[in-house]
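Reckoned from all heavy atoms, side chains included, excluding hydrogens, waters and symmetry mates. Chain letters run A, B, ... following the sequence lines, proteins first, then strands; residues in each count from 1.
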Amino acid sequence: MRWNKALIPTLKENPSDAEVISHKLMIRAGLIRQLAAGLYSFLPLGWRAMLKSMKIIREEMNAIGGQEIFMPSLNPVEIWKETGRDEDMSEIMLRFTDRKNRDICLAPTHEEIITDIARNEIHSFKDLPQIWYQIQNKFRDEPRARFGLLRVREFLMKDAYSLCANWEQLDEAYKKHEQAYRNIFTRCGLKFVVVGASSGLMGGRQSQEFMVPSDAGEDRTAFCEKCGYAANIEVAKSVPFEVEYKDIPELKKVHTPDLKTVDEVAEFLGLPRNQMLKSLVYIAEKSEKPVMVLLRGDHQLNEEKLSLFLGELVRPAHPDEVLKLFGVPIGFLGPIDAPKEIKILVDEAVPSDKKFATGANDKDYHIVGFTLDDFKIDGRSDFRLVSDGEFCQNCGSPLKVRTTIEIGHIFKLGTKYSAAMGATFLDANGKQIPIIMGSYGIGVGRILSSAIELYADDNGIVWPITIAPFEVIITALDTTKPEISDVAEKLYSRLIESGVDVLYDDRDERAGVKFKDADLIGIPIRITVGRKVKDGMVEIVTRKDKKSEDVKIEDTLAKVLEIRQLLYSELDTQFEENE
RNA sequence: CGGGGCGUAGCGCAGUUUGGUAGCGCACAUGGUUUGGGACCAUGGGGUCGGAGGUUCAAAUCCUCUCGCCCCGACCA
């Protein structure tokens with residue numbers, strides 16, 4: 001491509017509404033332009049990087065026997081009612097009615113549509129297993145789109161589905177996908193970890209996320225650097241810090257006027273924070289039942305764990321709901337003398353042989369010196385949020401917690417969808433059973449964002465060569481001089497003939513402008529054709545390490561091919577690190 | 001949905017407090033000088049000041065409503 005004729009609108013200044021690096025650079029390098037909140041157009045450079053990523057995805061998906069299909073984005077709402085997900089996803093699903101007044105939605109994902117195809121076309125165990133995938137736009141009415149392509153309302157997703165006749169086949173399909181995903185992200189040049197995750201609204205038994213560590217990420221992941229344990233904070237477990245307990249000789253009610261927070265009361269009573277119990281009240285969203293969760297004062301609740309335990313989503317009770325239920329304001333709540341209809345759950349990190357203090361269910365009073373035996377417990381489980389520096393359950397080393405970008409998520413769904421929608425087949429014994437499914441997603445745009453977040457420097461993007469919009473840029477300085485443009489033109493056509501993806505900067509611009517732009521858009525290999533042509537030389541510069549080499553004009557092609565090969569093989573080396 | 005910020009030329013911003021009829025830098029066009037890391041000089045084009053209503057002799061500026069974008073939180077296959 002010739003820059004002179006191309007749409008590559010680079011910007012000198014950062015856009016005012018961009019916060020994270022990848023967003024700023026995607027705008028400045030002319031990859032994308034915003035249409036509205038969470039809606040972006042891809043310009044030529046951005047789309048080329050997307051196409052490169054998709055090519056890698058297709059190759060790896062085909063390699064595990066995936067068959068590419070394509071499903072409609074416009075869905076009748078009825079099909080979503082069959083699984084109940086029109087309600088589960090009511091907030092996030094975009095809907096409208098068509099001219100015949102039918103309810104239509106824009107698909108936020110495609111399990112229901114896949115299952116519909118399966119129930120119509122799969123009849124025998126002999127038809128299984130299958131892997132079907134598509135690369136398609138998904139639509140989600142996000143409460144808050146943000147960070148460029150990281151959280152958007154319409155986005156390209158590769159979604160794959162495995163259909164199996166038994167659990168062994170599912171395990172195999174799942175493993176294949178895990179390996180395919182490792183291959184895909186490695187080839188895209190990303191650093192990532194595979195973590196245990198919550199399956200959330202998708203349902204299912206097991207799920208793992210592929211995470212890129214980045215400050216721009218919206219998820220938090222706990223890692224153990226020693227043994228490799230890694231889990232999304234939503235499900236992560238840890239061994240808490242050692243703490244001291246004081247002896248409390250007698251059980252009594254203490255007047256604590258206006259003292260509400262754990263810290264305030266602990267200080268007033270002269271107790272360590274861990275000897276206070278936090279009494280949190282939550283409402284289960286479907287059944288609308290209130291629950292009280294008790295945690296040590298130095299711990300935090302993990303809402304995901306609570307909702308997993310209860311089997312439905314939860315939300316904190318509003319202060320007025322609490323007042324209605326308990327007759328006391330938040331801050332003086334506790335399990336003792338709590339209303340009978342409220343379930344009481346206790347985190348397993350609360351020891352049963354120690355004495356604690358918490359609210360007395362009486363305004364301006366706390367109760368001090370009770371144990372877990374002094375009230376009825378409806379459930380004990382792990383409800384704690386892991387915090388940085390706590391210890392790994394496997395090996396005891398300190399865990400690190402950091403933000404990550406979720407680029408892929410794989411699920412063992414089981415029969416949630418096939419059972420609900422009647423997607424069954426006959427097994428070898430002639431018995432009708434539901435298809436066992438898996439679902440596997442990749443956010444294509446997030447691959448680009450992650451790569452930029454990982455490798456960008458002060459001058460701009462530094463693309464891994466595999467997903468770079470071009471592999472090589474020819475920067476011809478002073479194109480008005482025929483001795484320069486002749487050499488550049490010849491190199492340009494020779495590189496194209498050799499199958500190199502090359503951008504030719506043939507603009508009549510000053511050298512500084514061209515160098516800055518080349519750095520900004522991050523093309524891995526730059527050939528500078530300038531004043532050295534009079535000595536029969538050009539320069540080859542690699543973007544990521546700024547290494548520059550003078551090469552004879554006639555050797556340029558061979559040298560470029562060599563460097564290109566090197567850059568590709570470096571990604572294979574990284575592959576081993578990601579293993 | 002709650003809190004905060006911002007909408008003025010393609011981009012980045014000043015002007016709003018104190019009302020007087022719109023400006024700077026970049027980009028763009030033309031001419032000239034320059035030419036290896038975002039050049040310089042000159043000239044020029046481009047704006048219903050997000051929108052609607054109101055106050056006023058007069059509104060980018062004051063008032064009311066409304067739309068949009070960004071940030072924090074809530075929420076989030």
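Contact annotation for A:Lys532: base contact, defined as any heavy-atom pair under 4.0 Å involving a base atom. Residue A:Glu406 is in base contact, counting any heavy-atom pair closer than 4.0 Å across all strands shown. Heavy atoms of A:Glu539 sit under 4.0 angstrom from at least one base atom. Residue A:Phe147 is in sugar-phosphate contact alone, with no base atom involved, counting any heavy-atom pair closer than 4.0 Å across all strands shown. Counting non-hydrogen atoms under 4.0 angstrom, A:Arg33 reaches nothing in the nucleic acid. In this structure, A:Ala18 reaches neither bases nor backbone, as no heavy-atom distance under 4.0 Å exists between it and the strands shown. The residue A:Gln34 sits close only to the backbone: its heavy atoms come under 4.0 Å of sugar-phosphate atoms, none of a base. A:Arg315 comes within contact range of no nucleotide atom at all, as no heavy-atom separation falls under 4.0 Å. Using a 4.0 Å heavy-atom criterion, one finds that A:Arg507 contacts no nucleic acid atom at all.
With both pairing distances under 3.5 Å, B:A58 is matched to nothing as a Watson-Crick or G-U wobble pair. Base-pair partner of B:U34: not found among the strands shown (Watson-Crick or G-U wobble, both distances under 3.5 Å). For B:C28, the paired nucleotide is B:G44, the pair qualifying as Watson-Crick or G-U wobble because both relevant distances are below 3.5 Å. Nucleotide B:C69 forms a pair with B:G5, judged by Watson-Crick or G-U wobble geometry with both contacts under 3.5 Å. When both pairing distances are held under 3.5 Å, B:A14 makes no Watson-Crick or G-U pair with any nucleotide shown. Across all strands shown, nothing is found opposite B:G19 as a Watson-Crick or G-U wobble partner with both distances under 3.5 Å. With a cut-off of 3.5 Å on both pairing distances, the Watson-Crick or G-U wobble partner of B:G53 is B:C63.
A:Lys5 has no carboxylate O lying under 4.0 Å from a charged side-chain N of A:Asp506, or vice versa, which leaves the two without a salt bridge. Ionic pairing of A:Asp215 and A:Arg402 is present here: one or more N-O contacts between side-chain nitrogen and carboxylate oxygen are shorter than 4.0 angstrom. Salt bridge present: A:Arg315 and A:Glu321 bring a charged side-chain N and a carboxylate O closer than 4.0 Å.
By the 30° and 60° cut-offs, the orientation of the rings of A:Tyr174 relative to A:Tyr440 is tilted.
Contact check, A:Ser16 against B:C70: no side-chain N or O comes under 4.0 Å of OP1 or OP2. Contact check, A:Arg144 against B:C75: no side-chain N or O comes under 4.0 Å of OP1 or OP2. Regarding contacts with the backbone of B:A27, a side-chain N or O of A:Lys12 is found under 4.0 angstrom from either OP1 or OP2.
A:Asp519 contributes a side-chain N or O that forms a donor-acceptor pair with the base of B:G37 under 3.5 Å. Between the side chain of A:Glu13 and the base of B:G25, at least one donor-acceptor pair of N or O atoms lies under 3.5 Å. The base of B:C70 lies outside donor-acceptor range of the side chain of A:Arg146, with no N or O pair under 3.5 Å.
Place A:Asn14 and A:Val513 on RNA chain B by their nearest nucleotides, and A:Asn14 ends up nearer the 5' end. Along RNA chain B, the nucleotide closest to A:Gly530 and the one closest to A:Phe155 are compared, and the more 5′ of them pairs with A:Gly530.
Using a 3.5 Å distance cut-off with no hydrogens or angles, the side chains of A:Ser387 and A:Gln300 do not pair a donor with an acceptor.
Side-chain proximity of A:Arg510 to the nucleotides B:G36, B:U34, B:C70 is greatest for B:U34. Which of B:C76, B:G36, B:C75 sits closest to the side chain of A:Arg151 comes down to B:C76.
The separation between A:Glu218 atom CD and B:A74 atom P is 12 Å, rounded to whole Å. We find that CE of A:Met93 is positioned 16 Å from P of B:C76, with the value rounded to whole Å.
Closest approach of A:Tyr492 and A:Met1 over heavy atoms only: OH-N, 2.9 Å.
Crowding of A:Glu68 atom CD: a count of heavy atoms from other residues, nucleotides or ligands under 6.0 Å exceeding 12.
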